[in-house]
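The block underneath contains the structure these notes are about, expressed in structure tokens.
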Amino acid sequence: MTASNESVIAALRQLVAYTKLEDGQSQSFRTRAYEKAIDAIAATSDPVGDLSMAELKRMDGIGDSTARKIVEFSSNGSIGKVDRLKQRFPPTMLDLMRIPGLGPKTVLLLQEELDVIDVEGLTEAIEKQQLRSLPGLGAKSEEKIANSISLLGIHSDETRTPIAEAMDVAKRVMAELDGVKGVLRIEYAGSLRRLSETIGDIDILVTAEAGSPIVDAFIGLPGVTAVLGSGGTKASVVMDDRIQVDLRVVPDAAFGAALMYFTGSKGHNIALRQRALDRGLTLNEYSLSEIDTGTIVASNTEADIYHRLNLRWITPEVREDTGEIAASGDGTLPDPMHVSDLRGDLHVHTDWSGDGRSTLREMLDAAVVRQLEYIAITDHAEDLAMNGLSRERMLEQRDEIHEIRCDYPSLALLHGAELNIGPDGSIDYDPEFLTLFDFGVASIHSHFGLPQNEQTDRLITAINNPAVTVVGHPSGRRIGTRPGVDFDADAVFGAAEETNTALEINSHLHRLDLAATLLRRAIETSGVMFAISTDAHHTSAYSNVQWGVAQARKGWVPKERVINTLDTDSFIEWIGKKRNS
DNA sequence: GCCGTTTTCGGCCCGACTGTTTTCAGTCG
């Protein structure tokens, strides 16, 4: 049993926390090196627990020492250095470090001076007013730390918020700030703008002539349950007792620089700032400027700043410091896809499905508004309990689609189905009935817990079925609530490529399936094609396509690898390659 | 601890806010 990437990352996070205590500082070069290694592992789909020392060291940011620790963890289930540090620093001291405002220096001070090593001890010490006797701390610190203890739950690693929920909060905050006098521009930034799957804090950027009025309005917004800090240009609050929202206000002329700074990632920013220094420039959240003279050379737009650093604008989704800067510099970063590149939608439900909410005509009318050239209606097939369509109902729907077709001359209308992949890879209906469909998307809706070899066989069996043109939301994950099925990605990519079967990039923020790491792996190691689909159950869900396209960008997917960027004739030809083979 | 068109040592991004300081240390992003 080898260690999963998640468990390796968790172990390295522990290593970081203990090393901060050992070093007595929050940002030693060692801890930064470990954190860089964590980022590298998070960005790869390689199972690092299976890699050799040499293979690990080939990864950017992993050197001899960290590679050895990963191998050690993979074989022993623990890292010796962590075990040793645990003797010196009880694990409860890590809980103290999670309290907002408490860093390694203060936590060490608490241990040395007051023998405080856990949250209970700290609470007692505060009640006895012992903290104010320590150097650098006073009555106000005591009060602040007491308040912070109540926020502990919001800052633990387990409470990252799924992107769909965080996006809702961000949109709400932005809508409310939009009405505040003096606000010029508002944008969300941070990991939300990078389309991370889960979000720690929501970052909101506002431009305005004066910061204070905006900050005041922000900390008074409905739903704000705690104010963590506020100054003239920035503030942090907790919304709905649940998620931290950070606001930053800058002058409008600094919008581009601020958006870059606030979008991150940290690693991307550090790399860019280094690149600036190499060119005699310095980059901060206000501008890119000359070191010698202070003259501003770019600040207004992100593109201006990238250009002055001899880079093409880099789409936010790929700013993870995983090679995007070098790729932008040498022109190998794919051109970012746009919603307008898509000509068709290949996964659309209607109210014929039990869970569909809009009628066929409503979905088609809205598709025309989207200026789509082709669409596949793919209601649930019969094996899906409650929501699936029987053969009789499918034939009725086929008739309706046939009748309605002439009302939509601009739209090539395909009658498809969302087929269910059974535990053995079989799908609904029978081969003869399946030939009645113009199109088939097959998805996993059950049996999520099978072992990897069975999931892999199951997917490949479905991929080999001539009725299956696209595999829908291939992993079946629901971000934050259900992990995807465990499958051998390379084997599935290979089978799909060989049979001209596309893999879906599902646009729902709850799904974003396939994951970006797998997309990037697929692009680099196979020729498999993708379909960006909305899986819309209502006309309003068509707008989710923006997230599917953003997910493709995050996975470095060029539009040449997406079948629904093809024009209608080329698309029909492409799907015919499998159906007619 | 990592890394290398100033390579095997000597560097390593930048600024806001807070509380405790009379000029700065700690924390955070």
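Convention: sequence-line order gives letters A, B, ...; per-chain numbering from 1.
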Can a side-chain donor-acceptor contact be found between [Y] and [X] if the only test is distance below 3.5 angstrom?
X      : Y      : value
A:Q25  : A:S28  : no
A:T301 : A:D304 : yes
A:T322 : A:R520 : yes
A:K144 : A:S148 : no

Of the listed nucleotides ([options]), which one gets closest to any side-chain atom of [X]?
X      : options                : value
A:E285 : B:dT27, B:dG15, B:dC12 : B:dG15
A:N284 : B:dG29, B:dA16, B:dC14 : B:dC14
A:T106 : B:dA16, B:dC13, B:dT27 : B:dT27
A:S141 : B:dG1, B:dG29, B:dT20  : B:dT20
A:R32  : B:dC13, B:dG26, B:dC2  : B:dC13
A:T66  : B:dC13, B:dT18, B:dC2  : B:dC2
A:R273 : B:dC3, B:dC13, B:dC2   : B:dC13
A:D246 : B:dT20, B:dG1, B:dG29  : B:dG29
A:Q27  : B:dC17, B:dC14, B:dG1  : B:dC14

For [N] versus [M], give the span between their [atom1] atoms, rounded off to a whole number of Å.
N      : M      : atom1 : answer
B:dC14 : B:dC9  : P     : 27 Å
B:dG4  : B:dT8  : C1'   : 9 Å
B:dG15 : B:dG10 : P     : 27 Å
B:dC13 : B:dC17 : P     : 22 Å
B:dG19 : B:dC12 : P     : 32 Å
B:dG11 : B:dT6  : C1'   : 12 Å
B:dT22 : B:dG29 : C1'   : 28 Å
B:dT5  : B:dG1  : C1'   : 24 Å

Mind checking if [X] touches a base, just sugar-phosphate, or nothing, with heavy atoms under 4.0 Å?
X      : value
A:P135 : nothing
A:Y34  : sugar-phosphate
A:G190 : nothing
A:A40  : nothing
A:D60  : sugar-phosphate
A:L272 : nothing
A:G61  : sugar-phosphate
A:K144 : sugar-phosphate

Stacked pair A:F29-B:dC12, distance under 5.5 Å, angle under 30°: yes
Contact summary for A:S230 and A:A235, nearest pair of heavy atoms: CB-CB, 3.7 Å
Taking only the side-chain nitrogens and oxygens of [X], find out if one of them lies under 4.0 Å from OP1 or OP2 of [N].
X      : N      : result
A:T31  : B:dG1  : no
A:K105 : B:dG26 : yes
A:Y261 : B:dA16 : no
A:S28  : B:dG1  : no
A:K69  : B:dG1  : yes
A:S230 : B:dC17 : no
A:T282 : B:dC13 : no
A:R30  : B:dC12 : no

Between [N] atom [atom2] and [X] atom [atom1], what is the distance in whole Å?
X      : N      : atom1 : atom2 : answer
A:I325 : B:dC13 : CD1   : P     : 13 Å
A:L247 : B:dG29 : CG    : P     : 15 Å
A:I219 : B:dC17 : CD1   : C1'   : 13 Å
A:Q244 : B:dC28 : CD    : P     : 10 Å
A:D278 : B:dT7  : CG    : P     : 14 Å
A:L131 : B:dG26 : CG    : C1'   : 14 Å
A:R248 : B:dA16 : CZ    : P     : 6 Å
A:D64  : B:dC2  : CG    : C1'   : 11 Å

Sole candidate of A:T106, A:L114, A:L109 that passes side-chain contact (heavy atoms from CB on, under 4.5 Å) when paired with A:L131: A:L114
With A:D335, the salt bridge (charged side-chain N to carboxylate O under 4.0 Å, His left out) member among A:R553, A:K559, A:R312: A:R312
Partner nucleotide, any strand, of B:dG29 [Watson-Crick/G-U, under 3.5 Å]: B:dC14
Pairwise side-chain contact, A:R30 with A:E22, heavy-atom cut-off 4.5 Å (strictly under): yes
Contact check, side chains of A:L205 and A:F255, non-hydrogen atoms, under 4.5 Å: yes
A:K234 or A:I99, whichever maps to the more 5' nucleotide of DNA chain B: A:K234
